[in-house]
There are 2 protein chains.
Amino acid sequence: MKRTSLAGDSCPVARALDVFGDWWSLLIIRDASLGRRRFGEFQASLGLAKNILTTRLRTLVERGILKTVPASDGSAYQEYVLTPKGHGIFPILVALRQWTEEFDDHPDEIATIMVDRDKGKPVKKLALLSQDGRVLGAADTTLKPRPAAKRARRVLA
Amino acid sequence: MKRTSLAGDSCPVARALDVFGDWWSLLIIRDASLGRRRFGEFQASLGLAKNILTTRLRTLVERGILKTVPASDGSAYQEYVLTPKGHGIFPILVALRQWTEEFDDHPDEIATIMVDRDKGKPVKKLALLSQDGRVLGAADTTLKPRPAAKRARRVLA
DNA sequence: TTGTGTGGTTGCAATATTAAACCGTATGCC
DNA sequence: GGCATACGGTTTAATATTGCAACCACACAA
């Protein structure tokens with residue numbers, strides 16, 4: 001099927017999807033952001049085949065989303081933890097979560113809610129703000145060419 | 001390859017990915033939110049095979065992300081526009097965009113920036129706020145079991 | 001020695017993607 | 001009207017990729 005790579009695309013959405021837009025990567029990242037660190041934890045949680053987990057972990061490390069660290073329990077094994085680049089994906093996970101909370105047909109099947117750790121109260125919806133503090137919807141935004149945009153290999157949106 | 005369906009998963013992230021987490025759907029949605037409406041527009045913009053575009057459009061319609069409307073130019077064809085559920089994906093696109101803007105290794109290849117339509121100034125970063133207005137990072141949040149969570153078919157994170 | 005945690009390797013089945021041919025409906029032009 | 005061309009899909013066949021299962025191997029622990 002030769003998935004066409006989006007790596008050279010000039011659209012930032014496509015570029016992000018090229019990095020972790022496959023079926024499992026975001027779920028692995030979600031698990032990592034939940035504190036899972038060990039191969040076995042990921043495998044048990046996600047139920048995916050071990051070989052696939054192996055390759056996914058490897059490419060996520062290659063791409064700077066995860067890094068391996070010596071196991072915290074002193075064994076010779078390694079653990080996988082998010083890099084800053086990986087932690088930066090957190091808002092995307094939140095956005096996905098909130099979309100489901102708002103639009104899913106069976107919201108009663110959602111098991112968890114995200115709460116402020118201090119107060120234990122649900123977080124607010126992600127908001128997109130303008131420089132002067134107004135809340136912006138999709139219709140209130142446009143795309144402008146980036147000031148000094150270099151020519152990308154493939155120019156889309 | 002029999003992608004294991006995540007539809008019954010209790011994690012809202014997984015549920016969202018089950019709806020539009022494949023390789024093309026989010027890009028189609030991005031195009032739609034950019035104002036593209038016609039089959040040919042999507043195909044030309046994305047460069048994917050036409051049959052795939054056909055099936056993707058159909059499942060996005062089935063899932064309530066897009067709807068078909070009679071063509072605006074009076075021809076007998078149809079156009080594809082976002083439903084409210086589809087428009088709700090906008091924050092996810094913004095989150096993806098901002099992640100790339102912040103972490104991509106070649107940010108100079110990004111062609112566009114998102115600006116406030118009124119003022120033409122770049123938008124601010126998506127912020128996650130607590131009820132009392134503090135900005136929350138990943139470490140400042142936890143997941144709590146949903147109050148009256150019904151048992152989902154598969155219970156993960 | 002036995003068991004467990006981490007993977008790698010191999011083989012097979014299922015699916016996704018693509019390119020290309022094809023078709024019915026319009027549209028433009030003479 | 002007649003012809004050529006474009007649009008909107010559908011179908012088909014070839015190919016590439018993913019997923020699963022099972023087995024292998026090595027490191028460490030008991």
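Note on naming: letters A, B, ... go to the chains in the order of the sequence lines (proteins, then strands), and numbering restarts at 1 for each one. Only a predicted model underlies this, so the values are computations on that prediction, with no experimental measurement involved.
In this structure, the CD atom of A/E41 is 12 Å from the P atom of C/dG7, given to the nearest Å. Spacing between atom CG of A/L60 and atom P of C/dG7 amounts to 14 Å, rounded to whole angstrom units. In this structure, CD1 of B/I52 is placed 16 Å from P of D/dG9, rounded to the nearest angstrom. Here C/dT15 presents its C1' atom at 17 Å from CH2 of B/W24, a figure rounded to the nearest Å. Between the CG atom of A/L53 and the P atom of C/dT6 there is a distance of 10 Å, rounded to whole Å. Note: CD (A/Q43) to P (D/dG19) measures 13 Å, nearest angstrom. The separation between B/I28 atom CD1 and C/dA16 atom P is 14 Å, rounded to whole Å. Rounded to whole Å, atom P of C/dT6 lies 14 Å from atom CZ of A/R36.
Here the nucleotide nearest the side chain of A/F39, chosen from C/dT17, C/dT6, D/dC7, is C/dT6. Here C/dT6 is the nucleotide among C/dT18, C/dT6, D/dG19 with the atom lying nearest to any side-chain atom of A/K50. Closest to the side chain of B/L48, from the set C/dT18, D/dG19, C/dG7, is C/dT18. Set against D/dG8, C/dA19, D/dG19, the side chain of B/R38 has D/dG8 as its closest nucleotide.
The base of D/dA27 sits within donor-acceptor range of the side chain of A/Y77, with an N or O pair under 3.5 Å.
Sequence order on DNA chain C of the closest nucleotides to A/T55 and B/A49 puts A/T55 first from the 5' end.
In this structure, B/R37 does not reach the D/dG8 phosphate: none of its side-chain N or O atoms is under 4.0 Å from OP1 or OP2. OP1 or OP2 of C/dA16 has not a single side-chain nitrogen or oxygen of B/R56 nearer than 4.0 Å. The phosphate of C/dA16 has neither OP1 nor OP2 within less than 4.0 Å of any side-chain N or O from A/W23.
Nearest heavy atoms, B/L82 versus B/A32: CG-CB, 3.8 Å. Between B/I110 and A/R146, the shortest heavy-atom distance links the atoms O-NE, 2.8 Å. The shortest heavy-atom contact between A/I29 and A/F20 is CD1-CB, 3.9 Å.
In this structure the side chain of B/R38 reaches within 4.5 angstrom of the side chain of B/Y77, judged on heavy atoms.
Within the 4.0 angstrom heavy-atom criterion, no nucleotide atom of any strand lies near A/F42. Counting non-hydrogen atoms under 4.0 angstrom, A/Q78 reaches the backbone sugars and phosphates but no base. Using a 4.0 Å heavy-atom cutoff across all strands shown, A/N51 reaches at least one base atom of the nucleic acid.
Inspection of the A/R15 and A/S10 side chains reveals no N or O donor paired with an N or O acceptor under 3.5 Å.
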